[in-house]
Amino acid sequence: MQVHLLDGTYELFRSYYGAPASRSAQGVEVGATRGLLRSLAAWLRTGKVTHAAIAFDTVIESFRNRMFAGYKTGDGIDPDLFAQFALAERAAHAMGLVVWSMIEFEADDALATGAARFGGLPGVEQVLICSPDKDMAQCVRGQKIVCFDRYKNLVMDEPAVHAKFGVGPASIPDLLALMGDTADGIPGLERWGAKSAATVLAAYGAIDAIPPDPAAWSVKPRGAAALAETLAAGRIAAKLYRQLATLREDVPLAESLEDLAWRGARRSELEALCAEIGDDSLVSRIKLWQ
């Protein structure tokens with residue numbers, strides 16, 4: 001069997017900026033939730049989904065904000081989008097999916113935990129992490145645990161991670177620590193870009209293994225001396241950034257593999273939700289009910 005793990009926060013953001021705006025009878029913006037529902041319904045109708053879960057950032061802040069003041073927050077999120085976070089979780093649950101609502105952890109941590117937990121179980125042929133987020137590349141294991149862009153129908157297995165980033169999955173947190181990740185508020189180290197970080201990490205694997213003297217480096221990126229100087233001054237910061245970029249695999253998820261089996265939408269929940277957001281036509285498209 002295949003296990004699909006969806007990044008619900010990404011799905012909602014994508015829908016908000018891609019689907020038409022729409023207001024409910026009460027004047028509440030619900031366009032992103034309508035778009036998410038339609039997308040999930042079409043995906044589930046393909047018949048390719050047997051076991052699935054979807055993770056949401058119920059709040060944007062997490063334990064990482066206590067570690068680093070500059071880490072991403074909910075500041076700047078459009079209020080019409082932020083107001084649909086809870087509604088989107090209800091929509092996914094109404095579609096019959098297991099919903100992981102993250103507060104202390106992030107949605108990415110839930111996906112990483114689910115991939116690690118279910119990827120090693122008998123009968124699981126493949127875990128597909130449905131997210132284009134580069135953070136998730138660290139979870140890829142051969143062709144057993146892969147990242148899947150369901151909109152482009154692209155699978156990123158371990159060779160594809162190497163091809164895209166220049167390093168293997170295990171080095172992704174180190175790569176993000178050096179080059180930075182603006183989406184998550186990780187500044188990285190000055191002078192270290194994607195190319196230089198990948199070149200050095202391809203040789204050494206991790207920040208701790210990079211020799212302090214650039215003359216001893218087995219690779220010669222441009223500006224090696226300046227890179228080494230920056231790293232020497234910023235090793236403590238780089239290790240913190242790596243910790244921020246490392247996804248947790250110990251999120252206390254309650255569900256078993258059997259719980260992830262998709263058995264259809266939940267009729268009463270979906271009918272009530274569709275009436276609330278003014279999209280009754282969706283109900284007629286559902287072919288399987290619990």
Side-chain angles (χ1 to χ4, degrees), residues 7 10 13 60 62-65 67-73 76 106-109 111-112 115-116 129 131-143 145-149 152 154-249:
D7 182 344
Y10 164 74
F13 271 73
I60 298 299
S62 69
F63 72 93
R64 291 181 177 87
N65 294 89
M67 297 171 58
F68 180 58
Y71 197 70
K72 66 180 179 181
T73 68
E106 296 181 47
D108 287 356
D109 297 312
L111 298 176
I129 303 172
S131 172
D133 193 333
K134 56 183 173 292
D135 294 2
M136 302 311 306
Q138 67 189 270
C139 301
V140 172
R141 300 291 182 270
Q143 294 185 337
I145 301 175
V146 300
C147 290
F148 178 56
D149 187 329
K152 297 180 180 179
L154 291 177
V155 173
M156 185 166 66
D157 57 11
E158 197 157 339
V161 172
H162 280 274
K164 182 173 183 177
F165 298 104
V167 298
S171 297
I172 293 295
D174 295 82
L175 182 72
L176 297 175
L178 291 175
M179 64 179 276
D181 185 358
T182 55
D184 286 342
I186 299 175
L189 298 186
E190 189 178 353
R191 299 190 178 102
W192 286 85
K195 186 174 181 180
S196 57
T199 298
V200 176
L201 289 172
Y204 296 105
I207 292 170
D208 297 336
I210 301 174
D213 183 358
W217 290 3
S218 61
V219 291
K220 304 299 178 185
R222 179 182 238 179
L227 292 173
E229 181 182 355
T230 301
L231 180 58
R235 277 189 183 267
I236 293 177
K239 291 179 180 180
L240 171 60
Y241 302 156
R242 180 177 60 192
Q243 189 176 2
L244 293 172
T246 300
L247 299 181
R248 297 278 293 270
E249 296 183 352

key: side-chain contact (heavy atoms from CB on, under 4.5 Å) assessment of E106 paired with D135   = CA-CA 12 Å; E106 296 181 47; D135 294 2; over 6 Å; no

Quick check: does any side chain N or O of [X] sit under 3.5 Å from a backbone N or O of [Y], one acting as donor and the other as acceptor?
X	Y	value
D184	I186	no
Q138	A112	no
Y204	S218	yes
R222	S196	no

With a 4.5 Å cut-off on side-chain heavy atoms, are [Y] and [X] touching?
X	Y	result
W192	P221	no
D133	Y10	no
L247	D109	yes
L178	L231	yes
I210	L201	yes

note = What one should report as the nearest heavy-atom pair of I129 and C139 is CD1-CB, 3.7 Å

inquiry  = Could you go through K134 and D181, starting from their C-alpha distance and side-chain angles, then the distance that decides it, and tell me whether this counts as salt bridge (Lys or Arg N to Asp or Glu O under 4.0 Å)?
reply    = CA-CA 9 Å; K134 56 183 173 292; D181 185 358; 3.2 Å; yes

query = Does R242 pair with D208 as a salt bridge, N-O distance under 4.0 Å?
reply = yes

ask   = About how many Å separate CD1 of I60 and NZ of K72, when rounded to the nearest 0.5 Å?
value = 6.5 Å

inquiry  = Taking NZ in K220 as the centre, count heavy atoms belonging to other residues, nucleotides or ligands within less than 6.0 Å. Is the count above 12?
reply    = yes

